Amino acid sequence: MTEGLRHLVVVLGDQLDPDSAAFDGFDPARDGVWMAEVVEESTHVWSHKARIALFLSAMRHFAQALRARGWPVEYHRLGAHDFHGLSAALADTLVRRRPAAIRMVRAGDCRVEAAIEACAVAQQIRVGRVPDTHFIATEADFGRWADGRRQLRLEYWYRALRKRTGVLMDGATPAGGQWNYDQQNRASFGAEGPGWVPEPVRFMPDAITREVIDLVEARFPTHPGSLRGFDWPVTPAQAAEALDDFITHRLASFGHYQDAMWTDRGWLYHSRLSAALNLKLIDPMTVCRAAEQAWRAGMAPIAAVEGFVRQILGWREYVRGLYWRFMPGWLDDNALDAHVRLPSFFWTGQTDMACLRQVIEQTLATGYAHHIQRLMVTGLYALLLGVAPRQVHAWYLAIFVDAVEWVELPNVLGMSQHADGGRMASKPYVASGKYIERMSNYCRHCRFDPGEATGETACPFTTLYWDFLARHRARFAEHPRLALQVRNLDRIDPDRLQAIRAQAAALRGQ
Ligand SMILES: Cc1cc2nc3c(=O)[nH]c(=O)nc-3n(C[C@H](O)[C@H](O)[C@H](O)COP(=O)(O)OP(=O)(O)OC[C@H]3O[C@@H](n4cnc5c(N)ncnc54)[C@H](O)[C@@H]3O)c2cc1C
Ligand code: SF4
């Protein structure tokens, strides 16, 4: 990097997009790229080792690819400097290099964004923020759609984006004639189980990843999770291969089984693309178009493809829009007045509840759980127990390889914990152990009975479910989508309900 720098292009660990607008007009003679590995990004939440390793490995591969283009990259490796946080590391560079301006796309969370802005202001260096073309919609697009609406429901945003992009559209008509094929999706595996499911392609650690794994083991030995089976894509080429593998082998059954769970079968028909998408190793529109193409080529049914596209074009873009619209206030929401401590077994998996044990042990081993495992096992338990939303948020942000706050926070505080009182999800996703019994085989390996709410073998989910409805009866009695559940509560004999609530109080006092 030469003196008299024009643009210092700051690239964070979740901004590894080779086509980023921050590189538009990049001149290696006048501009430089800046990247840094700092301890704080791994410790501000107690990050899973695989999450740390994934980010560092992908960053190092990215820097290598930029250097191969002949671009100057100032890269600060963990262990080679003493800066704890990004702003200290950046301030040091700004003092030394005095670039005319910083260029970057928006950070993945408010905390980092504010730290970089403050650092630049302190050094009197302008931050030129460029639009993040990785996303399909801009924040302004979302704002225009959201302004004046009483409720911001996913379905309408998703349809607007389908129309705008033409994805799965035949002219003005949704492909196949319907917007939504949920009726054909979301089945369980039945008693016989999933049978053979094609294993996803794995990416064996190369020299860079092995070095990072050793570094993480040495620097963060007490952090949760294992690196033994680390096989995540860490480059755009690997992400493209993972997409191709999913489209060819698993997409066709994705929708039908997207909500199903099974013991020791973590991946099932899911894509495993979230981390690659969130680090920007792959472009969401490429993913949606590949899925659409598979349907048009007769490789996958419309229900599977629409169900998959909805997750990316719909949910992913929607939560991003919500995040930037409602942060930073969202973090303090606690509409259900929940204050219980997160049970310690969330960090170990050591519990008699087979569903939680399965999902947490799988997450510790891989850094991954699929959507329903996150929503209807770990998330549901925290919601029913009444865990403080911030603690739930910190756990989810720490424990998944794909966790970046803009996507994690709305899913946790909005969809899963109802901490925002319904801004995102019109009702809390509450269910008893019977739901988990229907969608998995976990209960077959459990000492509890999902049909029981009291006694030695009562399923804690079922006990806490009735207690949750009783605690929040006034709030939900007239709710159009929960009133039926409240009416069922009202049918319970008062003595029995008292016994359920006493058992729930004991669970909460764990
Ligand atoms: C409590 C909770 C926390 C979550 N935290 C995260 C998180 O930190 N990071 C993250 O990427 N996703 C998060 N999700 C959404 C979802 O669970 C994951 O994206 C998904 O499980 C990743 O696995 P996959 O790539 O195999 O996804 P698939 O099931 O194959 O889905 C395809 C893609 O759709 C996108 N997607 C699916 N659901 C959502 C959603 N609700 N919001 C945004 N994008 C979605 C993802 O990019 C995913 O890769 C969370 C969901 C819940 C309920
Ligand atoms: S019985 Fe209850 S605790 Fe046990 S696996 Fe089923 S839902 Fe989970």
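Order of listing sets the numbers, starting from 1, for every ligand and every atom in it. As the structure is a prediction and not an experimental result, all values here were calculated from the model.
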So is [X] polar-close to ligand 1, meaning N/O to N/O under 3.5 Å?
X: Tyr396; value: no
X: His370; value: no
X: Leu273; value: yes

N/O/S of Cys355 less than 2.8 Å from atom 2 (Fe) of ligand 2?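 Within the cut-off used here (under 2.8 Å), Cys355 places no N, O or S atom near atom 2 (Fe) of ligand 2.
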
Within 45° of the axis and under 6.0 Å from the centre of the six-membered ring of [Y], does NZ or CZ of [X] qualify?
X: Arg272; Y: Phe246; answer: no
X: Arg320; Y: Phe135; answer: yes
X: Arg423; Y: Trp330; answer: yes
X: Arg501; Y: Trp466; answer: no

Subset of ligand 2 atoms that lie under 4.0 Å from at least one heavy atom of [X]:
X: Cys443; result: 1 (S), 5 (S), 6 (Fe), 7 (S)
X: Gly433; result: 7 (S)
X: Phe448; result: 1 (S)
X: Pro450; result: 1 (S)

Heavy atoms only, cut-off 4.0 Å: how does [X] contact ligand 1, side chain, backbone, both, or neither?
X: Leu277; value: side chain
X: Ala369; value: backbone
X: Trp267; value: neither
X: Asn278; value: side chain
X: Ser416; value: side chain

Does [atom1] in [X] sit with more than 12 non-hydrogen atoms of other residues, nucleotides or ligands closer than 6.0 Å?
X: Arg444; atom1: CZ; value: yes
X: Glu155; atom1: CD; value: yes
X: Glu456; atom1: CD; value: no

Closest heavy-atom pair and its distance - [X], [Y]:
X: Pro233; Y: Leu54; answer: O-CD1, 3.6 Å
X: Ala242; Y: Val201; answer: CA-CG1, 3.8 Å
X: Ala300; Y: Trp295; answer: O-CD1, 3.2 Å

Relative to atom 39 (C) of ligand 1, which among Tyr318, Trp406, Trp315 owns the nearest non-hydrogen atom?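 Heavy atom nearest to atom 39 (C) of ligand 1 belongs to Trp315.
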
Go through it in stages, so that I can follow the logic: the residues are Tyr158 and Tyr318, the test is ring pair (Phe, Tyr, Trp, His ring centres under 6.0 Å), and I'd like the CA-CA distance, side-chain angles, deciding distance and then a yes or no. CA-CA 8 Å; Tyr158 168 61; Tyr318 171 71; over 10 Å; no

Which protein non-hydrogen atom lies closest to [atom], naming both residue and atom, and how far is it?
atom: atom 32 (C) of ligand 1; answer: Phe308 CE1, 3.4 Å
atom: atom 19 (O) of ligand 1; answer: Ser274 CB, 3.9 Å
atom: atom 33 (C) of ligand 1; answer: Ile312 CG1, 3.6 Å
atom: atom 42 (N) of ligand 1; answer: Asn411 ND2, 3.1 Å
atom: atom 6 (C) of ligand 1; answer: Arg374 NH1, 3.3 Å
atom: atom 2 (Fe) of ligand 2; answer: Cys459 SG, 2.4 Å
atom: atom 38 (N) of ligand 1; answer: Gln311 OE1, 3.3 Å
atom: atom 7 (C) of ligand 1; answer: Asp402 OD1, 3.3 Å
atom: atom 29 (O) of ligand 1; answer: His270 ND1, 2.7 Å

Just by distance, with hydrogens left out, do [X] and [Y] show a side-chain donor and acceptor under 3.5 Å apart?
X: Ser47; Y: Arg51; value: yes
X: Ser416; Y: Arg374; value: no
X: His418; Y: Asp420; value: no

Do any heavy atoms of [X] fall under 4.0 Å from ligand 1?
X: Tyr368; result: yes
X: Phe246; result: no
X: Phe400; result: no

So if I count the atoms of ligand 1 from 1 in the order they appear, which ones are less than 4.0 Å from some heavy atom of [X]?
X: Val407; result: 9 (N), 10 (C), 11 (O), 12 (N), 43 (C)
X: His371; result: 15 (C), 16 (C), 17 (O), 21 (O), 41 (N), 51 (C), 53 (C)
X: Leu375; result: 53 (C)
X: Ala403; result: 8 (O)
X: Phe254; result: 28 (P), 29 (O), 30 (O)
X: Val412; result: 1 (C), 3 (C)

Heavy-atom distances under 4.0 Å decide this one: backbone, side chain, both or neither, for Cys446 against ligand 2? side chain

With heavy-atom distances below 4.5 Å as the criterion, would you say the side chains of [X] and [Y] are in contact?
X: Gln178; Y: Glu306; result: no
X: Pro460; Y: Phe448; result: yes
X: Trp324; Y: Phe142; result: no

Can Phe189 and Tyr257 be said to form a ring pair (Phe, Tyr, Trp, His ring centres under 6.0 Å), step by step? CA-CA 7 Å; Phe189 290 117; Tyr257 295 121; 4.5 Å; yes

If I take atom CG from residue Leu384 and atom OH from residue Tyr465, how far apart are they, to the nearest 0.5 angstrom?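 It comes to 9.0 Å.
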
